[in-house]
Amino acid sequence: MAKYIFVTGGVTSSLGKGIIAASLAKLLQARGLSVTIQKFDPYINVDPGTLNPYEHGECYVTEDGAETDLDLGHYERFLNNPTSQANNVTTGRIYQTVIEKERSGAFLGKTVQVIPHITDEIKRRATLLEKEHNYDIIITEIGGTVGDIESLPYLEALRQIKRELGKENCVVIHLTLIPYLKAAKELKTKPTQHSVKELLQAGIQPDILVCRTEYHLPKELKEKLALFCNVDENSVIEAIDAETIYDVPLLMLKEKLDKIVLKKLNIKPPHEPDLSQWKEFLGKLKNPTKEVSIGLVGKYNELQDAYKSIYEAFIHAGAVNECKVRVVPIHSETLESGDISSKLKDMDGILVAPGFGERGIAGKLEAISYVRENNIPFFGICLGMQCAVVEFCKNVLQITDANSTEVDPGTSEPVIDLMPEQKKITAKGGTMRLGAYACKLSKNSISYKAYGKSDISERHRHRYEFNNAYLDRMESAGLIATGKNPDSKLVEVIELKDHPFFVGVQYHPELKSTVENPHPLFVSFIKAALQRK
Ligand code: GLN
């Protein structure tokens, strides 16, 4: 039987519940336990796939093609284990299931209510992973902040789960904020007391408080919190601001969060934590011997979270190369006019980001012409790859009207076009080409060298695709399809001949980069940028 850890948040959002959950999971995993993490999101969208990146940051795609919350990316990056649809549940999905059951007559004669029907469905989902796998521990992060109207059914479900499982099988960790008041020169506990009261009102006594703080918590403050919030004194954990998110597991180890949890759950782990690989990564991350600047050309740059996995993949790839990767966000719209070389001249490499819609495309094409002609390492992801095809067809093959039908639906030269199976689809949720697909790489390509093998599998999220009617012309002019889907023959990777590094991929390599498995294409892109430098 699996044991359960729930993580709730108090006082304010953005305290980093995902990072705390992932860090604790890492420590437990490092002790030889099998752990997974799931996220419950209180919004009514069935999944974040239909949300604008400005609203919700990046949409993270799992192997099985679920469009999920970006916290799942942290779980995978920390644990180096894939997640799935079952690891992300939203209020929308809960209601959808209950309403479908109601329509099919499952509750015939009964009034369908939040309690017990919605809470029962939350409980069913909370324990679903246990039925599918053999986990020792399942950590559930409850999105939102206690006190939100949306969170109430989750807290009620949690109260019931805790009661049913009993103390030794279920622990609640409450992540909270201890603000520092400059004028009073004091750390304040009152907001935490209030948020714990909110939890108590829902019938939940937290077992452990993890306190986000900018300053170390004095012993007396921990004692006070323990007394007022009714937790053990050793269960008030300090989570001080860290230099990088990858420091947090070690900070939590120092604070003995894992030990306290294991004691409460009465688990004897197989061994002491083995974090050697993690520490080696941190050592390299913190002691770079060189530096490169990479221009990230996108259109959601105002919000770093929109490209979360790309930023993290650069951190992993930088560490492998013992190189600090300075990622410079470049808004593609700013490249549409003026002298492009003055804007890109300090970059050792350019990544053109994924995206949707027409806005910002012209600037991406400008950036690609520049790096193609000036032998600057180029990495195009999804829309970035599609733009590289359009740019090449326009400027090298002289197909003036070349375009993606996403940008110009009426173009006479649709070099990027809707996939045939997409043409009939009108519904937007979960209908793209999603999740893992196989790809075969040709030998002697840059990508083959990077991966060290020809059979790979990568994750996708797109509707449009390279139009194979243009393949021969494109290849004879030097832009080669070096990776293809073995079944459908869809083009997955393009590379420019006689260029140090010009690689476009239809898939999303950033989603599979982890601390222990940095993505090979990011690693070799950074190598190429270093060489250029
Ligand atoms: N908008 C493009 C498509 O749907 C690219 C998607 C992406 O970059 N994720 O095909």
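Each ligand, and each atom within it, is numbered from 1 in the order the structure gives. In this chain, residues are counted from 1 in sequence order.
Protein neighbours of ligand 1 below 4.0 Å, counting non-hydrogen atoms: Pro354, Gly355, Phe356, Cys382, Leu383, Gln386, Glu406, Arg461, His462, Arg463, Tyr464, His508.
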When the side chains of residues 352-363 are checked against the rest of the protein, which donor-acceptor pairs come out under 3.5 Å, sequence neighbours left out?
{"residue": "Arg359", "atom": "NH1", "partner": "Glu333", "partner atom": "OE1", "Å": "2.9"}
{"residue": "Arg359", "atom": "NH2", "partner": "Tyr54", "partner atom": "OH", "Å": "3.3"}

Name every donor-acceptor pair, under 3.5 Å, that has one atom in a side chain of residues 489-497 and the other anywhere in the protein, sequence neighbours excluded.
{"residue": "Lys489", "atom": "NZ", "partner": "Pro486", "partner atom": "O", "Å": "2.9"}
{"residue": "Glu492", "atom": "OE1", "partner": "His460", "partner atom": "NE2", "Å": "2.9"}
{"residue": "Glu492", "atom": "OE2", "partner": "Arg433", "partner atom": "NH1", "Å": "3.3"}
{"residue": "Glu492", "atom": "OE2", "partner": "Arg433", "partner atom": "NH2", "Å": "3.1"}
{"residue": "Glu492", "atom": "OE2", "partner": "His460", "partner atom": "NE2", "Å": "3.1"}
{"residue": "Glu495", "atom": "OE1", "partner": "Ile446", "partner atom": "N", "Å": "2.8"}
{"residue": "Glu495", "atom": "OE2", "partner": "Ile446", "partner atom": "N", "Å": "3.4"}
{"residue": "Glu495", "atom": "OE2", "partner": "Ser447", "partner atom": "N", "Å": "2.9"}
{"residue": "Glu495", "atom": "OE2", "partner": "Ser447", "partner atom": "OG", "Å": "2.5"}
{"residue": "Glu495", "atom": "OE2", "partner": "Thr482", "partner atom": "OG1", "Å": "3.1"}

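Judged as a side-chain hydrogen bond (donor to acceptor under 3.5 Å, both in side chains), the pairs with a partner in residues 375-397 (not counting sequence neighbours) are, in order, Ser369-Glu391, Ser369-Asn395, Arg372-Glu391, Gln386-Gln506, Glu391-Asn395.
A side chain to side chain contact (heavy atoms under 4.5 Å, CB included) with Tyr154 is found for exactly one of Asp41, Thr8, Ile122, namely Ile122.
Taking CG of Asn403 as the start and OG of Ser412 as the end, the distance is 9.5 Å to the nearest 0.5 Å.
Asn80 and Thr514 are linked by a side-chain donor-acceptor pair at a separation below 3.5 angstrom, with hydrogens and angles left out of the test.
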